[in-house]
Amino acid sequence: MKLLGKVLSVALLSVSATAALAQQEANKLRWASTQAITAPDPYYNFHREAMLLNGQLVWDTLVYRNPNDGTYEPLLATEWEWKDDTTLQFKLRQDVKFHDGKPLTSADVVYTYNYIANPDNKINVQSNVNWIDRAEAQDDYTVTLHLKAPFPPALEYISTLHAILPEGFYGEAQAANVDGGLIGTGPYVFAEFVPGSSMKVTKFDGYFADSPKGLPKLDEIEFRTIPEASTQLAELMSGGVDWIWYVPSDQAAPLANRDGLVVDPAETMRITFLSYNMREMEGGNPLTDKRVREAIAYAIDRETIVSRIVGAGSTAIDAPCFRTQFGCRDDLTKRGYDPEKAKALLAEAGWDGSVTLSLVGNAIRDRAWIEAVAGYLAAVGINTDVQLLQWAALQERVAGNTVHLSMADWGSYGVNDVSALLNNFFTLTPDDMARDQELSDALIAATKTVDQDARKKSYDFAVSRIVDELYWQPMWTNPATYAYDADLAFTPFPDENPRFFLVGWND
Amino acid sequence: MLAYVLKRLGLGILVMLAVSTIVFTLTNVAADPARTIAGEGATAADVEAARIAYGFDRPIPVRYAEWLANVAQGDLGTSYRQRRPVADVVAERLPVTLALGLAAFALALALSLPLGLLAGLRENTWVDRLALVFALVGQAMPTFWFALLGMVIFVVKLGWLPASGSDTWRHFVLPSVVLAYYATPTLMRLTRAGVIEVMKSDYIRTARAKGLRPGKVVLKHAMRNAILPLVSVAAVQLGFMLGGSIVVETIFAMRGLGYLAWESITFSDLPVIQAVVLLIAGIYVLLTLGADILNAWLDPRLRMG
Amino acid sequence: MTHLQVNLSENRMRRQKVLRRALSHRSFVIGFVGVGIVLLLAILAPLVTWHDPYAQSIIDRRLPPIWYGWFWDDPLATWNHPLGTDQLGRDYWSRLVYGGRISLFIGLTATLVSGLIGTTLGILAGYFGGRTDMVISFLITTRLTMPVILVALATVALFNSSLMVVTLVLGLLLWDRFAVVTRSATMQVRSMEYVTAAKSIGSSTPRILLTEILPNIAAPLIVIATIEMATAILYEAALSFLGLGVQPPLPSWGLVLAQAKDDIFFAPWMITLPGIALFVLLLSINLLGDGVRDLTSPEGR
């Protein structure tokens, strides 16, 4: 039996080693992820896999955000200037060519912005563009972008999410033309798209040399959708793919022990939080008593959950935002694990355990996380009814005022400004569980001015309000655990954006 | 015969109409597609915009009537998620599922016919018992566990087969075996029971008395008669496999109908869910009809009934 | 008096004969013992476990089962947790024993619901024939035409998955076999002497259906019940795998199995243990069904 095992493992090692070697020689990268690409364009997609990760290979943005320090660098635009609080002017590079050889001019930029800003075109995430009024060309290489109102984080969106498409990209049908029409200016050329399954891009030889994205290093990059985490692991171990991410934390350590693989747990900007329902509910809502919310905060041992379950790459947090985001602060009330205090607070609030709190969570995240939280609550006498739901169903329950506690997470689209986070949850929209007028006013005011000091002041108030009043219990930052072939030169960044245009094989 | 076929076809259409009503009502009563259309991370305003744009504010019967009228004209609607005609989305997934289903079905038949025959002829011997154990194991293992075990051995340990995808025949080996094993027990038991029954019947005894060799008797008479019930159950099983391939297709990341259905369900892509159910129902109706015609041809007595 | 005694002893003898035959039927005995053990463990759960199946201890998570101590000298394997602990440090043995209750509940309840629907429809169709039969046959065909797992998934996904919803949906979907079998069995019995006799003495139709027909078609129904129970439990596992089974922290075997799916490469015991539990239960139920069928089939009598 032992001998057989040895023979098998030798055979296995040689198989995966040769497979990976072949990829290296072909200078090709194959990566896999859980979600499918539903449309071959950056704006009508529901998952980052398409919108961002593949999109940034084929298309470029006007401005490039340096992933190391967050500073803005010229990409398609050589310079940009705020003419006033709502007018932003760009000067374009004059040597950029689309993959079909056509030069990039302001007509393309104007087409892109006017198309995505038009609500009739129904691009998927309206909040990414609904602050744009219109774009107009000053000359062939100068474009002015008019905003509806001052929007300070505009460049964050422009530099990460707004891919510039060639004029007429969507045609009359308002849909991307798969057959030869998917043209961009990016370092890789669109080669093949199989709906719901895979996408292939190949090197663009005409890419401009001084792009901050660098010249393409690989000849081909292939993306495949593999819904099951265990199947992804099998593919990686058998040399079927070179790169996967979101490896379950319990599989990360044993996977790292395998020869020829690197496992890299990295922190992301995505934070997990527990939000308390502050509204009156049918049959009463014990959470309107602040002591109960405080008890919940003290009852959960976040540090232990982070170190034992969520795993490497995660940190327990006390602030309702990611530390690098503009407007975030961490000089806040900290509520560490103290079950005795939790019980005392509950006793004081007259808690008798007769109410079962409903606790909902996102079904695509790790089940163990929410189970652990429910377990800690049960330990101090708070019974919960856990429901794992798809995102849409979860939102519906929250908006419908039928849940007490919601454990959710938010990645801010990688935008380094708390407006991309808090404004989605606390501005009195139907899914705002806190419904605090003052908080909402402060958050909205912060997006309506470009005065950084005034913004900072508003956010200081908002962030401490959320913690002091316990609208949210911030939990931890989510890790993204990458696993890839050891010969691949790859660097992760906290905005959950693996930049494959920077990736190449080691010699 | 023609009248019979026409009558059955008419009934089939009625059945599909009933199925579509049930599925349309079920899915539309509970889901709020606007939220899923707006996408993960959409704000409340995004959702409201989607709701009005797609007309979800109208009552279900109105939407059903509209959908049905469109289907009658051959228009299955547009996928919420892929923004393409549902017919295209479904059509490009059908080949993989059909190939998988047929491969698994052929494999299941290739396993269950000889096994069932042998077990039936050698009732209560070790052959029979072994076949029984084989069937029982198949009936008692969740598909996904079996599939994962196969993956550990043949993909990770031995490196013989690819883990996922549907590009080459090698991608179909493991999924077909898993799916086939799921269907084999029923077919095998049925063959066995049929053979046992036939062997006890009068005409086999007569044939034996006439001095025909047992092997010949079995092949000529027993098989033909044992196959009758098998044909109709096989049709059911094939239809069942098309529906049951969800788990297998999800594990092996195959671009088939099952995986499409699963994606569409998690995403409340209702037009696609409805189309997939309708298609599988249609295939089932045709298969059972085909089986009945085949049976009538095999056994003239049934045509009278 | 003598007459009565003869009757009694005859009855006793017949009963003994049935018992003897049952005891000599290997599948039946194995199946019966298997189901019996699972049932007994489920009932006696508090007596055979020494940990709360819901009590988590995150520090002690994923402890290996006791044989890791025997063969690989793993110091973490102790008799305190003979089968180790799960992702949240809950005792695996307790989880599995209490999980048996949930899996049995799902199987039994779904079968009860589907049996009630299927048998009622089948008896009505078989007994009355004509229009009633036509309508019910149409219902059966419609039901057979709907792909079970797909419709179950869609329904559970849309109505929030919970133990009750999953069980009911399965129950509402799995009645076809009951209906088909009951219908044809009823057709065979309805012209029997005792039914015509009951009719002629003016018994009411419900009375005939319940006291004359039902007992005489009970045997095939029990066989179908075992098949459907196994099917329901398997479907629940498939739903759990796709993320739409019962909700945590309920430890249904399907869910425990599905939760351990990623561990198949590096900690296979986590998926093997619930897998074996589920396997033994399903195998036993199927064997039991086989046994009942053999014992009640006409040639067997």
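None of these values were measured; they are calculated from a predicted model.
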I'd like to check the side-chain contact (heavy atoms from CB on, under 4.5 Å) partners of B/Leu279; sequence neighbours left out, ordered by chain and number.
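If we apply the side-chain contact (heavy atoms from CB on, under 4.5 Å) test to B/Leu279, skipping adjacent residues, the hits are B/Val90, B/Leu94, B/Leu257, B/Ile283.
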With sequence neighbours excluded, what pairs up with B/Ala87 under the side-chain contact (heavy atoms from CB on, under 4.5 Å) test?
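Once residues adjacent in sequence are excluded, the partners of B/Ala87 under the side-chain contact (heavy atoms from CB on, under 4.5 Å) criterion are B/Leu76.
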With chain B, which of A/Asn423, A/Thr231, A/Val194 has the greatest number of heavy-atom pairs at distances under 4.5 Å?
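With the most close heavy-atom pairs to chain B, the winner is A/Thr231.
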Pair B/Arg84 + B/Glu92, salt bridge at N-O below 4.0 Å:
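Salt bridge flag = yes for B/Glu92 with B/Arg84.
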Flag the pair A/Arg30 and A/Glu235 as a salt bridge only when some basic side-chain nitrogen lies within less than 4.0 angstrom of an acidic carboxylate oxygen.
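No, no charged N to carboxylate O under 4.0 Å.
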Heavy-atom pairs under 4.5 Å with chain A, option from B/Ala253, B/Ala163, B/Ala147 with the top count:
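Maximum pair count with chain A is reached by B/Ala163.
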B/Leu148 portion near chain A, given a 4.5 angstrom heavy-atom threshold:
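The side chain, not the backbone.
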Which bit of B/Tyr80 is near chain A, if near means a heavy-atom gap under 4.5 Å: side chain, backbone, both or neither?
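The backbone, not the side chain.
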A/Ser412: what forms a side-chain hydrogen bond (donor to acceptor under 3.5 Å, both in side chains) with it, not counting sequence neighbours?
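Once residues adjacent in sequence are excluded, the partners of A/Ser412 under the side-chain hydrogen bond (donor to acceptor under 3.5 Å, both in side chains) criterion are A/Gln325.
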Residues of residues 170-177 of chain B near chain A, each having a heavy atom less than 4.5 Å away:
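Residues qualifying by a heavy atom under 4.5 Å from chain A are absent, so none.
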May I ask you to decide if the ring planes of A/Phe223 and A/Trp31 are parallel, tilted or perpendicular, using 30° and 60° as cut-offs?
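A/Phe223 and A/Trp31: tilted rings.
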Name the orientation class of the two ring planes belonging to A/Tyr157 and A/Phe151 (parallel below 30°, tilted from 30 to 60°, perpendicular beyond 60°).
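Taking A/Phe151 first and then A/Tyr157, their aromatic rings sit tilted (interplane angle of 30° to 60°).
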Ring centroid separation A/Tyr170 to A/Tyr43 under 6.0 Å:
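Here the rings of A/Tyr43 and A/Tyr170 have centres that are no less than 6.0 Å from each other.
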